[in-house]
Asker: 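Here it is, the structure, as C-alpha cells.
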Protein chains: 2
Amino acid sequence: MVVQADDAVFRPVRAGNPFEETVERLLQAIKLGVVVPGDRLPPERELATRLNVSRVTLREAIHALTEAGYVESRRGRYGGTFVNENLPKPRRTPAKRLARDLAGGLDDALTLRFVLETGAAEAAASRTLTPAERDHLERCLAETSAARLADYRRLDSRLHLAIAEVTGSPSLTSAMADVRMRLNELLDAIPLLERNIQHSNEQHRAVVDAILADDPDAARRTMQEHLAGTEALLRAFLE
Amino acid sequence: MVVQADDAVFRPVRAGNPFEETVERLLQAIKLGVVVPGDRLPPERELATRLNVSRVTLREAIHALTEAGYVESRRGRYGGTFVNENLPKPRRTPAKRLARDLAGGLDDALTLRFVLETGAAEAAASRTLTPAERDHLERCLAETSAARLADYRRLDSRLHLAIAEVTGSPSLTSAMADVRMRLNELLDAIPLLERNIQHSNEQHRAVVDAILADDPDAARRTMQEHLAGTEALLRAFLE
DNA sequence: AGTCAATGGACTGGAAACAGACCAATAGAG
DNA sequence: CTCTATTGGTCTGTTTCCAGTCCATTGACT
C-alpha cells in the first residue's frame with residue numbers, strides 16, 4: 001500500500017545548496033520588510049551561527065546580494081552590512097510565464113496562505129497581547145498606511161508577518177514568511193493600483209482592530225475578506 | 001529598526017546535515033504511517049532523486065535505519081528496501097524531560113498544529129472530492145478505527161495526513177507532517193488509554209463526515225473539538 | 001593623538017556530499 | 001535452464017562546505 005501521499009514526505013530534503021538557501025533567506029528578510037533600507041544586518045559571525053551556515057558560505061551569499069545591489073558592507077568597528085536605500089526593482093516577469101512556471105503551485109500556495117493567515121489572525125486575537133505587542137502591531141499598520149507605492153508590497157508583508165509574530169508561534173511566522181515569498185513573486189507581476197491600496201488599508205485596520213479587541217471570530221472573518229480580494233485580483237490577472 | 005521578528009527569518013537554513021535530514025525524513029514516512037510494515041520504499045536511485053540527495057547519503061541513512069531495526073533491504077530484481085513488520089518501540093522518555101527540552105516549543109507546536117489542522121479540515125470540506133479521494137478518506141478512517149493499540153498513533157497520524165492530502169495542497173500536507181512529528185515525540189511519552197481511543201474514533205468519524213458532506217464550518221468545528229482533547233491530555237501530563 | 005574593540009576580509013586543511021561508473025545478486029520471463 | 005532487467009552494493013575523483021585562524025580597517029573613547 002504505497003499511496004500517493006508520499007509526495008509530501010519524500011519531497012526534497014533541501015531546495016538547493018546552502019549557498020543558494022542562504023541567499024534566498026537574506027532576500028526574504030529584505031523583501032518581506034524584516035530589515036528595511038538603512039538597517040544593519042547582524043554581524044557575519046552571529047548571522048552565520050543563527051543560519052547554521054559557515055561564515056564562508058554566508059559571505060558568498062552576501063557578496064552575491066552586494067553585486068545584485070541589495071546591500072553594502074563597511075569594515076571596521078560600527079561597520080557591518082547595510083540594506084541599500086535604493087533597492088533593485090523587481091523585474092516584471094510576464095504574468096503568463098510565471099503562471100505557467102508555478103503551474104498547480106498557485107492553488108497550493110493560495111490554499112496554504114489562506115489557512116495560515118486566517119489561522120494566525122484568529123490565534124493572535126485569542127491571546128491577550130502585551131502592550132509592546134499591541135504597539136508593534138499599531139506601528140506596522142501605520143507604516144503600511146503611510147507607505148509610498150514602491151514600498152507598499154514590502155510593508156504590507158511586514159504587517160502580515162507582525163500578525164503572525166503576535167501569535168507567539170515562531171514556526172507559524174516562518175511558515176507564513178515562506179508562503180508569502182512564493183506569492184510575492186506572482187504579485188510583483190501585477191500592477192498595483194492606488195484604489196486597491198486604499199481598500200487594503202481599510203481592511204488592515206479592521207483586522208488589527210479585531211485582534212486588539214480580542215475578537216477571534218471577527219479577526220478570522222475580516223482577514224478572510226482581505227485575502228479574498230488579493231486572490232481574486234491574482235486569479236483575474238493570471239487567466 | 002531591527003525588530004525581534006528576524007528570529008523567524010534568520011532561523012537555521014537547515015536543521016542538520018543532509019544525512020541527518022534524510023534519516024529524519026524516512027522516519028517520518030514510517031512513523032506517520034505513510035509506509036506501513038511490509039511496504040517497499042522506492043528504489044534508491046529514485047528516492048535519492050526525489051529527496052534531492054546523493055545516493056551515497058541516502059544509503060547511509062537507510063543503513064542507519066536498518067541498524068535501528070526499522071527496515072531491511074533485499075538485492076536483486078523485485079528486491080528493495082522494506083519496512084519491518086515489527087517496528088522498534090518508541091522509548092518512553094520521561095515526560096518532564098521532554099517538556100523541558102521542548103520548552104516554549106510546546107506552545108509553538110500546538111499553535112501551529114491547531115491552525116494547520118483546523119484549516120485543513122475546512123479547506124478539505126470546501127472542495128468537492130473525487131470518488132477516489134472520498135474512498136481514500138473512508139479507508140484511512142476505517143483502518144484507524146480497527147487499529148490495535150500499538151499501531152494507533154501511526155494510523156491516527158495517517159488519517160490526519162489524509163485530510164491534508166485531500167485539500168490538494170502538498171505544502172499544507174508537508175507542513176502538517178512536520179508539526180505532527182514534533183508532537184508525536186511528546187505524545188509517545190503519554191500512555192494511551194482504550195477509552196481515549198474510542199472517543200477519538202467518534203470524533204474522527206464526525207470530522208470525515210463533515211468533509212464528505214462539504215460542510216466547512218462543521219469540519220472546522222469538529223476538528224477543533226478533537227484537537228482540544230489531545231491538547232488537554234498533553235498539557236495535563238506535562239505539568 | 002593614541003588605543004582598542006568590533007567588524008569585514010582572506011587563507012588553509014579537513015570533512016562531507018556528490019556524480020557517475022561499475023559490480024553482484026535475484027527472480028521472473030521465455 | 002538460460003537470459004535479462006532491476007535492484008542493492010561498492011569504488012573513485014571532484015566539489016562544496018566547514019571550522020578555525022589570522023589580517024585589515026574603522027571610528028568612538030580616552
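Chain letters run A, B, ... following the sequence lines, proteins first, then strands; residues in each count from 1.
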Asker: Hey, are B:Asp188 and B:Lys89 close enough for a salt bridge, meaning a charged N less than 4.0 Å from a carboxylate O?
Answerer: no
Asker: Contact boundaries of DNA chain D with chain A (under 4.0 Å, heavy atoms), 5' to 3'?
Answerer: D:dC17 to D:dA28
Asker: Once you round it to whole Å, what is the distance between P of C:dC11 and CD of A:Glu44?
Answerer: 15 Å
Asker: To check you understand the geometry: which heavy-atom pair defines the closest contact between A:Cys140 and A:Leu159, and what is its length?
Answerer: CB-CD1, 3.9 Å
Asker: Tabulate protein N/O versus nucleotide N/O from nucleotides 26-30 of chain C, keeping only pairs under 3.5 Å, one per line.
Answerer:
from: C:dT26; atom 1: O2; to: B:Arg77; atom 2: N; distance (Å): 2.8

Asker: Drop me the distance from B:Glu60's CD to B:Glu20's CD, to the nearest 0.5 angstrom.
Answerer: 11.5 Å
Asker: Any side-chain to backbone donor/acceptor pair from B:Arg25 onto A:Arg11? Under 3.5 Å, distance only.
Answerer: yes
Asker: Is a side-chain donor or acceptor of B:Arg153 paired with a backbone partner of B:Leu187 at a separation under 3.5 angstrom?
Answerer: yes
Asker: From the options B:Val35, B:Leu47, B:Leu51, select the one residue that forms a side-chain contact (heavy atoms from CB on, under 4.5 Å) with B:Pro42.
Answerer: B:Leu47
Asker: Would you kindly compare A:Leu58 and B:Thr81 by the position of their nearest DNA chain D nucleotide and give the one closer to the 5′ end?
Answerer: B:Thr81
Asker: Report yes if some heavy atom in the side chain of A:Arg134 is under 4.5 Å from a heavy atom in the side chain of A:Val208; otherwise report no.
Answerer: no
Asker: Are any of the side-chain nitrogens in B:Arg182 or B:Asp178 under 4.0 Å away from the carboxylate oxygens of its partner?
Answerer: no
Asker: Rounded off to whole Å, could you give me the CZ-to-P distance for the A:Arg55 and C:dT7 pair?
Answerer: 11 Å
Asker: For the backbone of B:Gly79 and the side chain of B:Arg40, can you confirm whether one donor and one acceptor N or O come within less than 3.5 Å of each other?
Answerer: yes
Asker: How are the rings of A:His160 and A:His204 set to each other: parallel, tilted or perpendicular (split at 30° and 60°)?
Answerer: perpendicular
Asker: Take the protein atom CZ of A:Arg59 and the nucleotide atom P of C:dC11, then report the distance between them rounded to whole Å.
Answerer: 11 Å
Asker: Taking DNA chain D as the partner, which of residues 12-27 of chain B come within under 4.0 angstrom of it by heavy atom?
Answerer: B:Arg14
Asker: Rounded to whole angstrom units, what separation is found between the NE2 atom of A:His63 and the C1' atom of C:dA10?
Answerer: 13 Å
Asker: Quick one: are A:Glu143 and A:Arg158 in side-chain contact, heavy atoms under 4.5 Å?
Answerer: no
Asker: Taking only the side-chain nitrogens and oxygens of B:Ser54, find out if one of them lies under 4.0 Å from OP1 or OP2 of C:dC18.
Answerer: yes
